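Keep in mind that what you see is a predicted model, and the values were worked out from it rather than measured. Numbering of residues begins at 1 and proceeds along the displayed sequence.
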Amino acid sequence: MRGQSRREERHLGVFLDGIHLIIGIIIVAMGLLAFVNPRKYIGFFPVVFLLAAVLNGISGIFELKTHKRGNKRKGAGLFHLALCAALTAVAALSAVSLWG
C-alpha cells in the first residue's frame, strides 16, 4: 500500500512540474512583451499576476495534500496559499486600475 501512494505522489509531482513549466513560459513571454512595449501590452500585467497566483495556489495545495505530517512542508504549503491570496489581490487591484 505504501508503494502505491509513493507512485501516485510521483505522478502528481510530474504533473506539477508540467504545470510549472507551461505557466512559467507563459508568464515570462507575457512579462517580456509587457516590458518591451508597455503601452500596447499593459493589459498583460493583471494576467501575469493572476497566473502567478494560480501557480502558487496549485503548489500550496500540492504541498498540503502530499505532506500531511511534516510541519515544514505544511508551512510551505500555507505560505504558497498566502502568496496566492496576495497575488490575487494585486491582480484585482491592477485590473481595476487599468480597466475600471
Side-chain angles (χ1 to χ4, degrees):
M1 196 70 152
R2 177 96 173 129
Q4 185 177 2
S5 69
R6 289 244 187 226
R7 190 174 321 135
E8 182 179 319
E9 189 175 314
R10 266 190 307 233
H11 289 302
L12 284 174
V14 170
F15 172 75
L16 184 67
D17 288 343
I19 293 293
H20 272 112
L21 182 67
I22 292 167
I23 293 178
I25 289 170
I26 294 170
I27 287 172
V28 169
M30 291 177 83
L32 283 174
L33 286 173
F35 278 111
V36 168
N37 193 353
R39 288 184 186 210
K40 186 175 180 183
Y41 298 110
I42 193 139
F44 282 0
F45 285 109
V47 178
V48 167
F49 288 128
L50 188 63
L51 285 173
V54 167
L55 201 58
N56 277 291
I58 291 171
S59 294
I61 291 169
F62 176 78
E63 289 290 335
L64 291 177
K65 278 194 169 223
T66 57
H67 304 288
K68 293 179 181 172
R69 295 182 189 224
N71 284 339
K72 256 187 195 178
R73 290 299 196 181
K74 188 175 182 182
L78 292 175
F79 176 73
H80 279 287
L81 290 177
L83 195 56
C84 172
L87 285 169
T88 303
V90 170
L93 287 173
S94 179
V96 166
S97 71
L98 287 176
W99 301 314

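Placement of I42 and I26 in two distinct hydrophobic clusters is found when ILVMFWY residues are connected by side-chain heavy-atom separations under 4.5 Å, directly or transitively. Taken together through direct or relayed side-chain contacts under 4.5 Å among Ile, Leu, Val, Met, Phe, Trp and Tyr, Y41 and V47 form part of one hydrophobic cluster. When the side chains of ILVMFWY residues are joined at heavy-atom separations under 4.5 Å, either directly or via intervening members, F35 and L98 end up in a single hydrophobic cluster. Both L83 and V90 sit in one connected hydrophobic cluster of ILVMFWY residues. Membership requires side-chain heavy atoms under 4.5 Å apart, directly or through other members. Note: the hydrophobic cluster containing I22 also contains L33 (ILVMFWY, side chain heavy atoms under 4.5 Å, direct or indirect links).
Separating the OG atom in S94 from the CH2 atom in W99 is a distance of 7.0 Å, to the nearest 0.5 Å. Here the CG atom belonging to L87 is positioned 11.5 Å from the NE2 atom belonging to H80, to the nearest 0.5 angstrom.
Looking at T66, its side chain does come within 3.5 Å of a backbone N or O of F62 through a donor-acceptor pair.
Centroid-to-centroid, the aromatic rings of F44 and F49 stay 6.0 Å apart or farther.
Listed here is the closest heavy atom pair of A52 and I27: N-CD1, 3.8 Å.
Using a 4.5 Å heavy-atom cutoff, the side chains of L81 and I61 are in contact. Between L78 and E63 there is no side-chain heavy-atom pair separated by less than 4.5 Å.
In the hydrophobic clustering (ILVMFWY side chains linked at under 4.5 Å, chained through shared members), V36 stands by itself.
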**Asked** Can you list the steps and then say if M30 with L51 is a side chain to side chain contact (heavy atoms under 4.5 Å, CB included)?
**Response** CA-CA 10 Å; M30 291 177 83; L51 285 173; 4.1 Å; yes
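Of the residues L55, V14, V54, the one that meets the side-chain contact (heavy atoms from CB on, under 4.5 Å) test with I19 is L55.
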